[in-house]
Protein chains: 4
Amino acid sequence: MSINKVILVGNLGKDPELRYTPSGAPVATFSLATSERYKDRNGEQQEKTEWHNIVAWRQLAEICGKYLHKGKQVYIEGKIQTRKYQDRDGNDRYITEIVADQMQMLGGRGDEGGGAGYARQSSAAPRGDQRPAAGGGQKREPSRDDFEEPPFNPDDDIPF
Amino acid sequence: MSINKVILVGNLGKDPELRYTPSGAPVATFSLATSERYKDRNGEQQEKTEWHNIVAWRQLAEICGKYLHKGKQVYIEGKIQTRKYQDRDGNDRYITEIVADQMQMLGGRGDEGGGAGYARQSSAAPRGDQRPAAGGGQKREPSRDDFEEPPFNPDDDIPF
Amino acid sequence: MSINKVILVGNLGKDPELRYTPSGAPVATFSLATSERYKDRNGEQQEKTEWHNIVAWRQLAEICGKYLHKGKQVYIEGKIQTRKYQDRDGNDRYITEIVADQMQMLGGRGDEGGGAGYARQSSAAPRGDQRPAAGGGQKREPSRDDFEEPPFNPDDDIPF
Amino acid sequence: MSINKVILVGNLGKDPELRYTPSGAPVATFSLATSERYKDRNGEQQEKTEWHNIVAWRQLAEICGKYLHKGKQVYIEGKIQTRKYQDRDGNDRYITEIVADQMQMLGGRGDEGGGAGYARQSSAAPRGDQRPAAGGGQKREPSRDDFEEPPFNPDDDIPF
DNA sequence: TTTT
DNA sequence: TTTT
């Protein structure tokens, strides 16, 4: 009954940090900058930068930890989450983070080891399985009533 | 290196059609209306309706076939796909569709059997498994360096 | 070179507050709830609610102040912004808000005065002008090389 | 009561075409490629490319015509629109296009004249005015109850 | 027709 | 703390 979606394209301020929960779940965190440019009243070019706290879990955490680095331009899709914590004096504090479920490397023309790529956090899948998916197979020409099946479902012939 | 994302909120023009490929993969199709309102030059309220061809596969297809119906308001997230087909005269024709990977029922205040709900097509998961995910577990109070783990990953205690 | 976009569908926790800057700019603020449902390890239905601080300016602020109310379901599009402030003890605190640039009323079948509607904050326009746009005019049948012009640009005949 | 939103990151297949309606409204059209990569059943890397017909109007058309070119990577935000036309034989045909309302140049590190930038099509504004917006002004330190006003609204002091 |  |  509700939607909570964030789409960001920005640059990492630092290398990601990859850590693990006691039970072994990988968590990557990094900060991502987005910038707005505008002209002030004197007509001078100004820039305002926003810093986003990104959190990625499991398979996506590992991909972030492995491939992302300071300065890298990425597309992030996820949701907003605010969590409460106590500071040293025991007062309630809040921090807002973006829990990523998709990450797409952008830019990186030749200057990158491996170049651009895409990763998705399957929210329902048991942790661990996030292979880029099988797919393909021989395709006949589509006819009027065909639906072309997505690549990741290779065994099916379409009946209409 | 690229993003193809569609977000729609609209109403179904008819009940969905649920069909199966020869190998047994479910496919649901339906048309979804979105409308723009505007005032014409005479100041009269006008409306322009856009019809979208929605296609859902596998688990999401079954959910659509089961819960959606004519008039229902839904949120759809997916990608644009244009496929080619031959018409009766053998000429190439093209049709553009939205391949859904998320669907969220909206509205439906009491007038619905089951009310609103959410479903996601995991792009990587082997077809079939799309249970709404386990989750929860006993939670201690988060501390300064906590990250609250998503509900679907219940076994992990967070170490920071 | 960057994108900062948020899309929310949720319900207002309270009526909006509409205030004005000294120079007369309207600002509306309200909190918006989005909820995730999931099954815990015992198979019981659980719900996690996220509260978002929404800020709207100018024309959009006035529309929000006038038409929204506690419980109303809305679509919000905007950007994430974190601002710093000092608490009573002079310590730096941060709060993250969603600066809305589009708002769309959802749901509200008959129970609303005026029903659903749409509003957009033009980022470049001088404050004040946000009429739903003129448009329309007599339309001839589009031909092969037509582009149908958007409704808000009524004077143009399309030359191709 | 409905949402029709498309978000694309892709590359131009050709230079844009910039044309004008009889009344002088600029229209830019170009095709944009998005690609999905996947592994087929033999584990071989495959790619599927989707071509999108992009249409931009007025100020945004001119910016596209001026700054975009074949191969350029861009972010496009807009809506889906299907229009009907008659082919040479008088049969009804349909074409689906993305009517852009935002465009953001991506990538382009050093190899571009002018580099990356951002442009928005104000849907309500009279055609023509799309200057990147004034803004800024001297800012005092925000206090607990401040809202930082957007840069494009320079005259206002915030009263809370 | 693009890009990696 | 990034990027252009």
Side-chain angles (χ1 to χ4, degrees), chain A residues 8-17 29-39 44-54 64 67-76 98 103-119 132, chain B residues 1-4 80 82 84 94, chain C residues 1-4 80 82 84 94, chain D residues 8-17 29-39 44-54 64 67-76 98 103-119 132:
Chain A
L8 301 171
V9 175
N11 299 278
L12 276 79
K14 289 186 182 175
D15 290 349
E17 290 183 44
T29 57
F30 55 91
S31 59
L32 191 74
T34 59
S35 309
E36 262 189 295
R37 256 155 254 161
Y38 61 94
K39 283 212 179 71
E44 287 177 73
Q45 194 69 13
Q46 297 294 338
E47 188 173 270
K48 187 184 171 198
T49 295
E50 195 64 39
W51 287 98
H52 309 271
N53 303 305
I54 313 292
C64 290
Y67 294 109
L68 300 189
H69 55 77
K70 178 176 174 173
K72 184 82 183 127
Q73 186 186 35
V74 294
Y75 168 95
I76 291 286
I98 309 306
M103 186 274 296
Q104 164 80 57
M105 290 174 260
L106 298 173
R109 21 189 82 210
D111 63 331
E112 302 292 336
Y118 173 86
Chain B
M1 194 85 183
S2 57
I3 297 296
N4 174 356
I80 301 174
T82 298
K84 191 187 191 173
Y94 297 87
Chain C
M1 194 89 181
S2 57
I3 298 296
N4 174 357
I80 302 175
T82 299
K84 191 187 191 173
Y94 298 87
Chain D
L8 301 172
V9 175
N11 299 277
L12 276 80
K14 289 187 182 173
D15 291 349
E17 290 184 45
T29 57
F30 55 92
S31 59
L32 190 74
T34 59
S35 309
E36 263 188 294
R37 255 154 254 160
Y38 61 94
K39 282 214 180 72
E44 287 177 73
Q45 194 70 12
Q46 298 293 339
E47 189 174 88
K48 187 186 172 196
T49 295
E50 195 65 38
W51 287 98
H52 309 271
N53 304 305
I54 313 292
C64 290
Y67 294 110
L68 300 189
H69 55 77
K70 178 176 174 172
K72 184 80 182 129
Q73 187 186 35
V74 294
Y75 168 95
I76 291 285
I98 308 305
M103 186 275 296
Q104 162 82 57
M105 290 175 260
L106 299 173
R109 24 188 81 209
D111 63 330
E112 302 292 336
Y118 173 86

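Because the structure is predicted, anything quoted here is derived from the model rather than measured. Per chain, numbering begins at 1; letters A, B, ... match sequence-line order.
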Expressed as a whole number of angstroms, how long is the span from [X]:[atom1] to [N]:[atom2]?
X	N	atom1	atom2	value
D:I98	E:dT2	CD1	P	20 Å
D:H52	E:dT3	NE2	P	16 Å
D:M105	F:dT3	CE	P	20 Å
A:K48	F:dT3	NZ	C1'	17 Å
D:N11	E:dT1	CG	P	16 Å
C:N4	F:dT4	CG	C1'	17 Å
D:E47	E:dT4	CD	P	11 Å
A:E17	F:dT1	CD	P	15 Å

Can you name the side chain to side chain donor-acceptor pair (under 3.5 Å) partners of A:T49, sequence neighbours left out?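 Only A:S35 meet the side chain to side chain donor-acceptor pair (under 3.5 Å) criterion with A:T49.
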Under the side chain to side chain donor-acceptor pair (under 3.5 Å) test, residues paired with A:E17 that sit two or more places apart: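 Side chain to side chain donor-acceptor pair (under 3.5 Å) list for A:E17, sorted by chain: empty.
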For A:K14, report the nucleic acid contact type (base, sugar-phosphate, nothing); a contact means any heavy atom under 4.0 Å.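 If one applies the 4.0 Å heavy-atom cut-off, A:K14 turns out to touch a base.
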Determine the contact category for A:T49: base if any of its heavy atoms lies under 4.0 Å from a base atom, sugar-phosphate if only primed atoms, P, OP1 or OP2 are that close, otherwise nothing.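 Base contact - A:T49 has a heavy atom under 4.0 Å of at least one base atom.
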State, yes or no, whether a side-chain contact exists between D:E44 and D:Q46 at a heavy-atom distance under 4.5 Å.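 Sidechains of D:Q46 and D:E44: in contact.
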Regarding F:dT1, can its base be found pairing with the side chain of A:S31 as donor and acceptor, where the two atoms are less than 3.5 Å apart?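 Yes.
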Taking only the side-chain heavy atoms of D:R37 (C-beta and beyond), determine which of F:dT1, E:dT4, F:dT4 contains the nearest atom.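 The answer is E:dT4.
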Do A:W51 and the base of F:dT1 stack face to face, with centres under 5.5 Å apart and an angle between planes under 30°?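 The base of F:dT1 is stacked with A:W51 (centres under 5.5 Å, planes under 30°).
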Backbone N/O of D:K70 and side chain of D:D15: donor-acceptor pair under 3.5 Å: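 Yes.
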